[in-house]
A.B. asks: 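Let me begin by handing over the structure; questions about it come next.
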Amino acid sequence: MKDRMRAGVSSACFFPQETACSVEKLAQWKIPQIEIFFNSFQELKPDYLERLRSCCQAGETKIVSIHPFTSNSESFYFFTDYPGRLQDGLAIYRHFLRAAQQLQAQLLVFHGASIANDLPIEQSARHFATLDRMAQEEYGITVAYENVVRSRSRDIEYLVQLREAYPQLKLVLDVKQALRAGYEPFEYVEQLGESVIHVHISDSTQEEDCLPVGSGDAHLKALLGALQGKGFAGCVLQELYRSSYQEEQEVREGYHRLQQMIDGLYHPSQK
């Protein structure tokens with residue numbers, strides 16, 4: 001259903017396993033929605049993309065988003081005054097946008113300016129808008145800005161100001177990254193929830209900030225409810241690090257617990 005949030009898993013959960021192997025695993029598990037985290041330009045070649053597309057088709061798995069491995073260079077290309085770099089960045093990201101288009105994904109996840117970047121907000125918004133509009137108009141892809149502890153997007157006020165300068169701004173809420181930046185995820189939802197169209201979720205405890213869903217004590221059901229209250233109807237994808245779990249089955253179990261939480265929002269008797 002397009003009018004309700006949906007659960008899924010990111011291929012990043014299995015890094016450094018090769019991307020195709022991770023995607024094939026998720027398709028075999030019949031995960032209905034996934035994000036592909038690309039780890040090499042070699043993975044953007046048409047034959048590799050076709051391999052990904054075919055295995056997902058066989059598993060009835062939809063690729064909803066992609067994540068470039070070049071995130072750390074986005075500050076260098078898209079948030080600088082230096083002549084030509086923005087055009088270089090657009091040229092590089094066309095490769096990812098074409099891949100997303102071939103895979104019928106809808107979103108590209110973007111980290112943006114580094115925490116040390118000091119490009120003025122208005123100029124930052126113009127540069128981001130140039131990428132986002134190109135992506136939408138030429139490829140049908142939305143570029144969604146993620147809160148990341150190493151980026152200026154860690155700061156809620158930065159994202160608020162960026163949205164004021166570019167009201168069309170769409171966001172990815174990453175729960176573990178919010179915690180690492182010293183925020184409760186609810187704070188992002190409260191101030192920016194109407195702009196959030198995609199979520200990277202994980203559980204946590206006082207000692208660990210990234211665990212499979214249901215393995216910690218974070219108030220994830222309440223967080224999902226807060227997102228629902230803001231009209232969120234996108235994908236909530238479990239995204240973990242390989243150090244977050246011992247056995248791969250924990251990823252699968254976390255997905256099912258996430259699905260149960262989401263189902264409970266729409267069918268309270270299933271809580």
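If you read the sequence from its start, that first residue is 1, and numbering goes on from there. The shown structure was predicted, so the numbers you read here are calculated from the model rather than taken from an experiment. Hydrogens, waters and symmetry mates are skipped; everything else that's a heavy atom, side chains included, is used.
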A.B. asks: Determine whether a donor-acceptor pair (N or O, by modelled atom type, separation under 3.5 Å) exists between the side chain of Glu187 and the backbone of Glu184.
C.D. replies: yes
A.B. asks: Looking at Gln102 and Ala99, would you say the former's side chain and the latter's main chain have a donor-acceptor pair under 3.5 Å?
C.D. replies: no
A.B. asks: Using the side-chain contact (heavy atoms from CB on, under 4.5 Å) definition, which of the options Leu220, Leu179, Asp174 pairs with Pro185?
C.D. replies: Leu179
A.B. asks: Would a 4.5 Å heavy-atom cut-off, applied to side chains only, mark Phe14 and Cys21 as touching?
C.D. replies: no
A.B. asks: Do the non-hydrogen side-chain atoms of Ile262 and Gln228 ever get within less than 4.5 Å of each other?
C.D. replies: no
A.B. asks: How close do Met134 and Leu90 get, heavy atom to heavy atom, and via which atoms?
C.D. replies: CE-O, 3.9 Å
A.B. asks: Quick one, Asp132 with Tyr166, criterion side-chain hydrogen bond (donor to acceptor under 3.5 Å, both in side chains). Give me CA distance, side-chain angles, the key distance, then yes/no.
C.D. replies: CA-CA 10 Å; Asp132 187 35; Tyr166 181 53; 2.7 Å; yes
A.B. asks: Can a side-chain donor-acceptor contact be found between Glu157 and Gln161 if the only test is distance below 3.5 angstrom?
C.D. replies: yes
A.B. asks: Would you name the heavy atoms of Ile141 and Leu107 that are closest together and state the gap between them?
C.D. replies: CG2-C, 3.9 Å
A.B. asks: Using the side-chain hydrogen bond (donor to acceptor under 3.5 Å, both in side chains) rule, take Ser202 and Tyr241 through it: C-alpha gap first, then chi angles, then the decisive distance, then the call.
C.D. replies: CA-CA 10 Å; Ser202 52; Tyr241 301 119; over 6 Å; no
A.B. asks: Taking the side chain as every heavy atom from C-beta outward, state whether Tyr48 and Thr19 have any atom pair closer than 4.5 Å.
C.D. replies: yes
A.B. asks: Walk me through it: do Ser10 and His67 pass the test side-chain contact (heavy atoms from CB on, under 4.5 Å)?
C.D. replies: CA-CA 9 Å; Ser10 169; His67 197 310; over 6 Å; no
A.B. asks: Which atoms form the tightest heavy-atom contact between Ala27 and Thr61, and what is the distance?
C.D. replies: CA-OG1, 3.6 Å
A.B. asks: Taking Arg242 for the side chain and Tyr245 for the main chain, is one N or O donor matched with an acceptor at less than 3.5 Å?
C.D. replies: yes
A.B. asks: Restricting to non-hydrogen atoms, name the atom on Tyr158 and the atom on Ala113 that form the minimum distance, rounded to 0.1 Å.
C.D. replies: OH-CB, 4.0 Å
A.B. asks: Which class fits the ring pair Phe69 and Phe41: parallel under 30°, tilted 30 to 60°, perpendicular over 60°?
C.D. replies: perpendicular
A.B. asks: Does CD in Glu18 sit with more than 12 non-hydrogen atoms of other residues, nucleotides or ligands closer than 6.0 Å?
C.D. replies: yes
A.B. asks: Phe110 vs Phe78 aromatic rings, parallel, tilted or perpendicular, using cut-offs 30° and 60°?
C.D. replies: perpendicular
A.B. asks: Can you check side-chain contact (heavy atoms from CB on, under 4.5 Å) on Arg257 and Asp203, steps first, answer last?
C.D. replies: CA-CA 11 Å; Arg257 287 192 287 264; Asp203 214 328; over 6 Å; no
A.B. asks: Give the cluster check for Trp29 versus Leu237: same hydrophobic cluster or not, with ILVMFWY residues linked at side-chain heavy-atom distances below 4.5 Å.
C.D. replies: no
A.B. asks: Provide the closest heavy-atom pair for Ala7 versus Gln33 in the form atom of the first, atom of the second, distance.
C.D. replies: O-NE2, 2.6 Å
A.B. asks: Would Arg85 and Phe76 count as a cation-pi pair here, with the cationic atom under 6.0 angstrom from the ring centre and within 45° of the axis?
C.D. replies: yes
A.B. asks: What is the distance from atom NE2 of His127 to atom CD of Glu122, rounded to the nearest 0.5 Å?
C.D. replies: 12.0 Å
A.B. asks: Quick one: does Gln238's side chain get under 4.5 Å of Pro212's, heavy atoms only?
C.D. replies: yes
A.B. asks: So which heavy atom on Ile36 is nearest to which on Leu103, and how close?
C.D. replies: CD1-CD1, 4.0 Å
A.B. asks: Would you say the side-chain atoms of Gln191 pair up with the backbone N or O of Val160, donor to acceptor, closer than 3.5 Å?
C.D. replies: no
A.B. asks: Grouping I, L, V, M, F, W and Y whenever their side-chain heavy atoms are under 4.5 Å apart, do Leu224 and Leu211 come out in a common cluster?
C.D. replies: no
A.B. asks: Side chains of Ile63 and Gln104, heavy atoms from C-beta outward: is any pair under 4.5 Å?
C.D. replies: no
A.B. asks: For Glu208, does its backbone N or O pair with a side-chain atom of Thr205 as donor and acceptor, under 3.5 Å?
C.D. replies: yes
A.B. asks: Taking the side chain as C-beta and beyond, is there a heavy-atom pair between Met5 and Leu265 under 4.5 Å?
C.D. replies: yes
A.B. asks: So, do Phe37 and Phe15 have ring centers that fall under 6.0 Å from each other?
C.D. replies: no
A.B. asks: Would you please test Asp118 and Arg152 for salt bridge (Lys or Arg N to Asp or Glu O under 4.0 Å) and show each step?
C.D. replies: CA-CA 9 Å; Asp118 59 0; Arg152 290 182 74 180; over 6 Å; no
A.B. asks: Just wondering, do Val196 and Val189 contact through their side chains at under 4.5 Å, heavy atoms?
C.D. replies: no
A.B. asks: Without hydrogens or angle criteria, can the side chains of Gln177 and His200 be said to hold a donor-acceptor pair below 3.5 Å?
C.D. replies: no
A.B. asks: Flag yes if Tyr183 and Leu227 sit in one hydrophobic cluster, no otherwise; membership is Ile, Leu, Val, Met, Phe, Trp, Tyr, and two members link when side-chain heavy atoms are under 4.5 Å apart.
C.D. replies: yes
A.B. asks: For a side-chain contact (heavy atoms from CB on, under 4.5 Å) check, start with the C-alpha distance between Arg150 and Ile115, then their side-chain angles and the critical distance, and finish with the verdict.
C.D. replies: CA-CA 6 Å; Arg150 296 188 303 273; Ile115 197 168; 5.8 Å; no
A.B. asks: Please check if the side chain of Ser71 supplies one atom and the backbone of Pro68 the other of a donor-acceptor pair under 3.5 Å.
C.D. replies: yes
A.B. asks: Under the side-chain hydrogen bond (donor to acceptor under 3.5 Å, both in side chains) test against Ser54, which residue among Gln57, Arg51, Glu50 passes?
C.D. replies: Glu50
A.B. asks: First locate atom CD of Gln106, then atom SG of Cys235, and finally report the distance between them rounded to the nearest 0.5 Å.
C.D. replies: 7.5 Å
A.B. asks: Can you tell if the side chain of Ser195 reaches within under 4.5 Å of the side chain of Leu171, non-hydrogen atoms only?
C.D. replies: yes
A.B. asks: Assess the residue pair Arg180 and Arg154 against the criterion (side-chain contact (heavy atoms from CB on, under 4.5 Å)); give the C-alpha distance rounded to whole Å, side-chain angles, the decisive distance to 0.1 Å, and a yes or no.
C.D. replies: CA-CA 9 Å; Arg180 292 183 177 192; Arg154 65 176 286 154; over 6 Å; no
